[in-house]
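Worksheet for the structure shown next.
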Amino acid sequence: MTTPATPLAASGPNADQIDYWNGDAGERWARYQDKLDAMLQPFSSAVLELADIKPGERLMDIGCGCGATTFEAAEHAGPAGHALGVDISGPMIARARKRAEERAGTSGGHAEFMLADAATHDFGAGAFDLLVSRFGIMFFADPVAAFSHMKPSLGTSGRIAFV
Ligand SMILES: C[S@@+](CC[C@H](N)C(=O)[O-])C[C@H]1O[C@@H](n2cnc3c(N)ncnc32)[C@H](O)[C@@H]1O
């Protein structure tokens with residue numbers, strides 16, 4: 001069963017993007033997820049090679065969309081690690097959660113999905129060992145404010161790997 005995503009209110013600095021990714025754009029990305037993932041796989045491979053995720057690490061996939069990079073990252077983090085995919089798009093998070101249900105019981109680490117604005121949500125200090133993203137970090141209205149907000153969620157030796 002698909003877990004319905006409660007709509008995210010289009011408010012805050014990224015309200016325009018929340019509107020955009022909850023409309024036709026988000027629906028299309030969810031509908032054509034398999035084709036888009038096939039096309040974008042080389043970028044996941046590149047960013048995850050750079051990320052060099054170790055077993056047991058906790059990471060956030062910023063703007064995770066339908067979750068392809070999150071699932072792959074979770075496999076690197078293994079059963080002792082954790083991958084949190086965060087996105088503002090209800091249709092895309094619903095697709096990611098459906099895929100997570102379909103994958104339940106298969107090998108791989110823990111992948112979870114959250115409908116939230118990564119630029120403003122409070123994840124807690126030191127929540128992650130690294131932040132990764134495949135084309136999910138270039139939509140912030142104020143990138144400096146967004147990355148300043150996210151920085152405390154990384155531990156002191158935290159890493160970032162973005163494409
Ligand atoms: C080009 S898509 C890439 C999706 C996914 N990373 C992939 O490669 O398939 C950009 C994604 O960034 C998300 N996004 C944009 N601004 C965001 C924000 N402030 N917080 C979280 N996600 C955001 C969009 O909803 C969309 O899913």
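Nothing here was measured: the structure is a model prediction, and the numbers come from that model. Atoms within a ligand are numbered from 1 in the order they appear, just like the ligands themselves. This chain uses plain numbering: 1 for the first residue, then up along the sequence.
- Residue Phe140 has no nitrogen or oxygen atom sitting less than 3.5 Å from a nitrogen or oxygen atom of ligand 1, judged on distance alone.
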Let me see the working for His110 and Arg58 under side chain to side chain contact (heavy atoms under 4.5 Å, CB included), right down to the final yes or no.
-> CA-CA 10 Å; His110 304 296; Arg58 307 153 302 150; over 6 Å; no
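- For the pair Asp117 and ligand 1, the shortest N or O to N or O distance falls below 3.5 Å.
- Each of the following atoms of ligand 1 lies closer than 4.0 Å to a heavy atom of Phe135: 1 (C), 2 (S), 3 (C), 10 (C).
- The contact set between ligand 1 and Ala116, taken as ligand atoms under 4.0 Å from a residue heavy atom, comprises 20 (N), 21 (C).
- Polar contact check, Asp87 against ligand 1: a nitrogen or oxygen pair lies under 3.5 Å apart.
- When each of His76, His82, Arg159 is tested with Glu57 by the rule side-chain hydrogen bond (donor to acceptor under 3.5 Å, both in side chains), just one qualifies, namely Arg159.
- For ligand 1, the atoms sitting less than 4.0 Å from at least one non-hydrogen atom of Cys64 are 5 (C), 6 (N), numbered in the order shown with element in parentheses.
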Do Asp24 and Arg31 pass the salt bridge (charged side-chain N to carboxylate O under 4.0 Å, His left out) test, and can you show the C-alpha distance, the side-chain angles, and the key distance before you say yes or no?
-> CA-CA 10 Å; Asp24 287 350; Arg31 193 176 323 130; over 6 Å; no
Applying salt bridge (charged side-chain N to carboxylate O under 4.0 Å, His left out), run through Lys98 and Glu102 and close with a yes or a no.
-> CA-CA 6 Å; Lys98 175 94 166 56; Glu102 289 164 359; 2.8 Å; yes
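- Of all atoms in ligand 1, listed by their number and element, those nearer than 4.0 Å to a heavy atom of Met92 are 27 (O).
- For the atom pair OH (Tyr32) and CG (Asp37), the distance works out to 15.0 Å, reported to the nearest 0.5 Å.
- Residue-to-ligand polar distances keep Trp21 apart from ligand 1: every N/O pair is separated by 3.5 Å or more.
- Of the candidates Gly63, Ser44, Gly136, the one placing a heavy atom closest to atom 4 (C) of ligand 1 is Gly63.
- Expressed to the nearest 0.5 Å, how far CZ of Arg95 lies from CH2 of Trp29 amounts to 14.0 Å.
- Arg103 forms a cation-pi arrangement with Phe71, by the criterion of a distance under 6.0 Å to the ring centre and an angle within 45° of the ring axis.
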